[in-house]
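Input: a single structure, listed below in structure tokens.
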Amino acid sequence: MTGEGFQVVDDRRAEPPSGVEVAALADRLKERIYATITMVAVVVGLAMSEVGAVGAAATVLTTALGLWLATFVADQQAHRTVHRGFATGHALRRMLYVSSPLLSCAAGPAVMITLAALDVLSLHAALLVSAGVGVVSLFLYGCLGGMRMGGGALLAVMAGLADAAIGVVVVLVKVAAGH
């Protein structure tokens, strides 16, 4: 099993590629999980609304851009406060690398919304598929974490189910709230 930026060393453990800062990989995965949870909430809310394909696409894309900009501004502010200057060079590249999943989280829903706009499936179905893929992604991130911990398949599945449960709770809260 491989994950973002990791190579399989044996059947249970994966090591980061040489030259990659492990803390940056962890921060990047954290942002990817956060973005996935957020996008699940957004697409479920859209599925329960009367929005059209253009409005749904605009909402998904502006949500991703807004998340990324907020994170980037906060990272720059923190860097300026601690280091007394803007992040440049390696620090800036690290910020961009770590925060890029906040933008890429819109790719799957945008593709599904485009398919709906082309009448391949309904917009409602496209948004629900996007939410489902997000929940499955959370499960897979949890499984990867469980495998990396070295506890075997049972621990990996339990970790995956725990992460997927977060996505399911987000969906249930959105449905219960009626938006």
Treating Ile, Leu, Val, Met, Phe, Trp and Tyr as nodes and any side-chain heavy-atom pair under 4.5 angstrom as an edge, say whether [X] and [Y] lie in one connected cluster.
{"X": "Leu96", "Y": "Val98", "answer": "no"}
{"X": "Ile166", "Y": "Val175", "answer": "yes"}
{"X": "Val171", "Y": "Leu138", "answer": "yes"}
{"X": "Met158", "Y": "Met147", "answer": "no"}
{"X": "Leu92", "Y": "Leu25", "answer": "no"}

**Q.** Pair listing, ring pair (Phe, Tyr, Trp, His ring centres under 6.0 Å) test, anchored in residues 36-57, at least two apart
**A.**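 As it turns out, there is no ring pair (Phe, Tyr, Trp, His ring centres under 6.0 Å) pair with a partner in residues 36-57 once direct neighbours are skipped.
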Could you give the side-chain donor-acceptor pairs of residues 109-129 under 3.5 Å, partners two or more places apart or in another chain?
unit_1	atom_1	unit_2	atom_2	d
Thr114	OG1	Ala110	O	2.8
Ser122	OG	Ala125	N	3.0
His124	ND1	Ala47	O	3.0

**Q.** Rounded distance (nearest 0.5 Å) linking atom OG of Ser100 with atom CZ of Arg28
**A.**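 That separation rounds to 3.5 Å.
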Which donor-acceptor pairs under 3.5 Å do side chains of residues 36-46 form with protein atoms, sequence neighbours excluded?
unit_1	atom_1	unit_2	atom_2	d
Thr36	OG1	Arg32	O	2.7
Thr38	OG1	Tyr34	O	3.0

Q | side-chain hydrogen bond (donor to acceptor under 3.5 Å, both in side chains) contacts touching residues 64-77 (sequence neighbours left out) | A |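 side-chain hydrogen bond (donor to acceptor under 3.5 Å, both in side chains) check on residues 64-77 returns Trp68-Ser99, Gln77-Arg80, Gln77-Thr81.
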Can you give the donor-acceptor pairs under 3.5 Å from side chains of residues 52-62 to other protein atoms, not counting sequence neighbours?
unit_1	atom_1	unit_2	atom_2	d
Thr59	OG1	Gly55	O	2.8
Thr62	OG1	Ala58	O	2.7
Thr62	OG1	Thr59	O	3.3

Q | Side chains of Leu161 and Phe139 in contact at under 4.5 Å (non-hydrogen atoms) | A |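 Yes. Closest side-chain heavy atoms under 4.5 Å.
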(Q) Is any side-chain heavy atom of Met95 closer than 4.5 Å to one of Phe72? (A)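 In short, these two side chains touch, coming nearer than 4.5 Å.
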Q. Would you say the side-chain atoms of His79 pair up with the backbone N or O of Ala91, donor to acceptor, closer than 3.5 Å?
A.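 Pair absent, no side-chain N/O of His79 close to backbone of Ala91.
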Q | Pair listing, salt bridge (charged side-chain N to carboxylate O under 4.0 Å, His left out) test, anchored in residues 81-99, at least two apart | A |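 Passing the test, one end in residues 81-99: Glu21-Arg94, Asp27-Arg94.
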